[in-house]
Amino acid sequence: MLKSISSSDDHLISLIVSSTGKLHLRQIHAVLLRTSLIRNSDVFHHFLSRLSLSLIPRDINYSCRVFSQRSNPTLSHSNTMIRAFSLSKNPIEGFRLFRALRRNSSLPPNPLSSSFALKCCIKSGDLLGGLQIHGKIYSDGFLSDSLLLTTLMDLYSACENSNDACKVFDEIPQRDIVSWNVLVSCYLRNKRTRDVLVLFDKMKNEVDDCVKPDGVTCLLALQACANLGALDFGKQVHAFIDENRFGNALNLSNTLVSMYSRCGSMDKAYEVFNRMDERNVVSWTAMISGLAINGFGKEAIEAFNEMLKFGISPEEQTFTGLLSACSHSRLVDEGMMFFDRMRSGEFKIKPNLHHYGCIVDLLGRARQLDKAYSLIKSMEMKPDSTIWRTLLGACRVHGYVELGERVISHIIELKAEEAGDYVLLLNTYSSVGKWEKVTELRSLMKEKRIQTKPGWSAIELQGTVHEFIVDDVSHPRMEEIYKKLAEINQQLKIAGYVVEFTSELHNLDSEEEKGHALTYHSEKLAIAFGILVTPPGTTIRVTKNLRTCVDCHNFAKFVSDVYDRVVIVRDRSRFHHFENGSCSCNDFW
DNA sequence: TTAGGGTTAG
């Protein structure tokens, strides 16, 4: 085929554009050199462009060699090279090339160069470089270029500066659906989850077709719903997807599976999963991870085995889901077996921090804390604070004081300590009655001015999310809620519920104060509100930012029995399904 | 000489 290359450039270019794989590109390169067609600017441009788009990142060297052999690169050649760097593992080089281009007055960069250079800054997290480009956009008079401004928005979004991203959005002269989607993705990335939902609604009700949500908008909105646990809103997005026939896209179906399972609705997740015409490794991983966080460990393992039967190879993330399923359901032997299989010749996957985290959690729950500690010590990469924190949690549960002290020193060493870590250590001390240590640590916390992160709980009713914090008085129906809570407390006491003072949470100064705060933890307010406003028998779904404390866990158990309700609480790491006075989880031994 | 470029699943 290559021999048939004639002097017809069109034919040649279409051949280049459709070429795939390194071998194929090398063959083409050889022919281009032999025939001197490489000198043709257009041919060269397309060849370089193909190289940078189709080769894996580390082969940037090939593109570099080809580029450096060109004696008089045009602007479009340089732009292609900047793009190649932006896709590579060395994006800083792309920014350098852009600056070199600026210094060379014969080839002033155009908006496209700035756009690719911004991509480089986004990839390397270089806000300073991005700011320089922003300044030049003003001086170069590129402010009317909507596409360039959209990339600029993405820079601020990636650098956690959503306010400036919004300012740029306001300046875009012609906003299309992509600019709107970048705004949505900015909110999502910067944890402005509620803004995503508000914006989605706004876009849905817009008459202008350029603003109507497309598949990407829906994808982002579904992720926001998953983060918030906003099941009703997620269902609305699902309905919108069906109405607009985006439904068959694999990425949307996969996100729906993930959204439903992360909102605690496995029935709906299965429904979507079973209806899919085509499933890839992402679909199976979403299902396995969903089963894992909902505490269905055995089912997750079954799904994994079924996936293998379909001939689909697991990836890193699949094992993260599978191992976390084992740890949440305390399937210690199975978890260790899968960890070994993952590393063996069968799958040849090198464990990452997430995998180690799952195994540390698994061993921690099985009271094998020394083994967990040695595993962390044996890791080839540096342990992060989350790994240590997992072990610290296990120390708290099993009352391992000395190990707990050692672990927190590692966290402090990483300069990553959070208030919650001190609270865990505090609770470790108090669980074994080391009161003098408790006092000592409390004064240290005061000295260091450590403030605990306020806990919040959210409950969604007909698409509106109601949020509560500890001792919240801001809700318009607060009086009724507190009255209801008092009534619930009374009912539960009759059934045998006792407030637990000694364990969990918050660096409060006196037992008295502690008991008070326990009575009004945010999840209790949310549950009371749920009972107040929903008809009997309705499932109550609460999402919480921290881990549920033992007392609230008990409270929910009693509520599910006394009020005959299914209560589903999603805390920081998993779901608790309360029914008939018991919980599906193994978290509180 | 022109076109090229921005968002996106586990």
Side-chain angles (χ1 to χ4, degrees), chain A residues 9 13 17 41-42 45-46 48-50 52-53 74-83 86-87 109-120 122 142 145-158 165 168-169 172 174-189 196 199 203 213-224 226 241 246 249-262 269 272-273 276 278-293 300 303-304 307 312 314-322 324 354:
Chain A
D9 288 353
I13 286 168
V17 168
S41 169
D42 222 10
H45 170 80
H46 281 98
L48 188 63
S49 176
R50 196 66 217 152
S52 67
L53 288 178
T74 64
L75 183 60
S76 75
H77 301 154
S78 301
N79 284 352
T80 307
M81 203 54 221
I82 300 174
R83 175 173 63 174
S86 81
L87 298 169
N110 60 9
L112 197 64
S113 335
S114 309
S115 185
F116 290 143
L118 274 172
K119 281 271 189 190
C120 293
I122 292 170
F142 295 156
D145 193 310
S146 297
L147 269 69
L148 178 56
L149 293 191
T150 308
T151 319
L152 185 61
M153 266 183 85
D154 206 37
L155 167 90
Y156 286 118
S157 161
V168 176
F169 179 77
I172 297 178
Q174 280 183 310
R175 292 189 280 258
D176 62 4
I177 187 62
V178 181
S179 357
W180 284 90
N181 284 344
V182 175
L183 184 63
V184 177
S185 111
C186 169
Y187 286 157
L188 185 70
R189 221 176 347 194
V196 174
L199 190 57
M203 290 167 72
D214 66 355
V216 176
T217 329
C218 293
L219 209 63
L220 297 165
L222 287 175
Q223 289 180 61
I241 290 169
F246 303 144
L250 194 55
N251 56 358
L252 273 173
S253 300
N254 290 342
T255 312
L256 278 169
V257 170
S258 170
M259 182 277 290
Y260 279 125
S261 53
R262 288 177 62 199
V272 176
F273 185 78
M276 288 167 71
E278 186 200 346
R279 295 181 198 105
N280 62 6
V281 62
V282 179
S283 333
W284 286 96
T285 303
M287 205 62 220
I288 292 166
S289 312
L291 289 164
I293 48 168
F304 178 77
M307 182 190 85
I312 291 174
E315 290 178 352
E316 278 186 17
Q317 293 95 322
T318 322
F319 276 103
T320 308
L322 185 64
S324 82
H354 296 287

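Below, chains carry the letters A, B, ... as their sequence lines are ordered, and counting in each starts from 1.
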Separation of [N] [atom2] from [X] [atom1] (nearest whole Å):
X        : N     : atom1 : atom2 : answer
A:Gln174 : B:dG6 : CD    : P     : 18 Å
A:His46  : B:dG4 : NE2   : C1'   : 9 Å
A:Ile172 : B:dG6 : CD1   : C1'   : 9 Å
A:Leu48  : B:dG5 : CG    : P     : 14 Å
A:Leu152 : B:dG5 : CG    : C1'   : 14 Å
A:Leu147 : B:dG4 : CG    : P     : 11 Å
A:Leu87  : B:dG6 : CG    : C1'   : 13 Å
A:Leu53  : B:dG4 : CG    : P     : 13 Å

message: Is it the case that the ring center of A:Tyr260 lies less than 6.0 angstrom away from the ring center of A:Phe273?
response: no
task: Answer yes if the ring centres of A:Phe169 and A:Trp180 are under 6.0 angstrom apart, and no otherwise.
output: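 Centroid separation for A:Phe169 and A:Trp180: below 6.0 Å.
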- prompt: For A:Phe142, what residues pass the ring pair (Phe, Tyr, Trp, His ring centres under 6.0 Å) criterion, not counting sequence neighbours?
  reply: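 With sequence neighbours excluded, A:Phe142 shows a ring pair (Phe, Tyr, Trp, His ring centres under 6.0 Å) to no residue whatsoever.
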- request: Mind checking ring pair (Phe, Tyr, Trp, His ring centres under 6.0 Å) for A:Tyr156 and listing every partner two or more places apart, or none if nothing turns up?
  value: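 Once residues adjacent in sequence are excluded, the partners of A:Tyr156 under the ring pair (Phe, Tyr, Trp, His ring centres under 6.0 Å) criterion are A:His134.
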If the condition is side chain to side chain donor-acceptor pair (under 3.5 Å), which residues does [X] pass it with, not counting sequence neighbours?
X        : result
A:Asn280 : A:Asn254, A:Ser283
A:Ser78  : none
A:Tyr187 : none

Taking only nitrogen or oxygen atoms into account, show me every contact under 3.5 Å that the protein makes with nucleotides 7-10 of chain B, one pair per line with its distance.
residue : atom : partner  : partner atom : Å
B:dT7   : OP1  : A:Lys119 : NZ           : 2.4
B:dT7   : O2   : A:Asn181 : ND2          : 2.7
B:dA9   : O4'  : A:Thr255 : OG1          : 3.4
B:dA9   : N1   : A:Asn280 : ND2          : 3.4
B:dA9   : N3   : A:Asn254 : ND2          : 3.0
B:dG10  : O6   : A:Gln317 : NE2          : 3.2
B:dG10  : N1   : A:Glu315 : OE1          : 2.6
B:dG10  : N2   : A:Thr285 : OG1          : 3.3
B:dG10  : N2   : A:Glu315 : OE1          : 2.8

query: Any side-chain N or O of A:Arg83 less than 4.0 Å from the OP1 or OP2 oxygen of B:dG4?
result: no
- prompt: Is any side-chain N or O of A:Asn110 under 3.5 Å from a base N or O of B:dG5, one able to act as donor and the other as acceptor?
  reply: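 Check fails, no donor-acceptor contact within cut-off.
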message: If you go through the side-chain atoms of A:Asp176, does one of them form a donor-acceptor pair with the base of B:dG6 closer than 3.5 Å?
response: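 Yes, a donor-acceptor pair under 3.5 Å.
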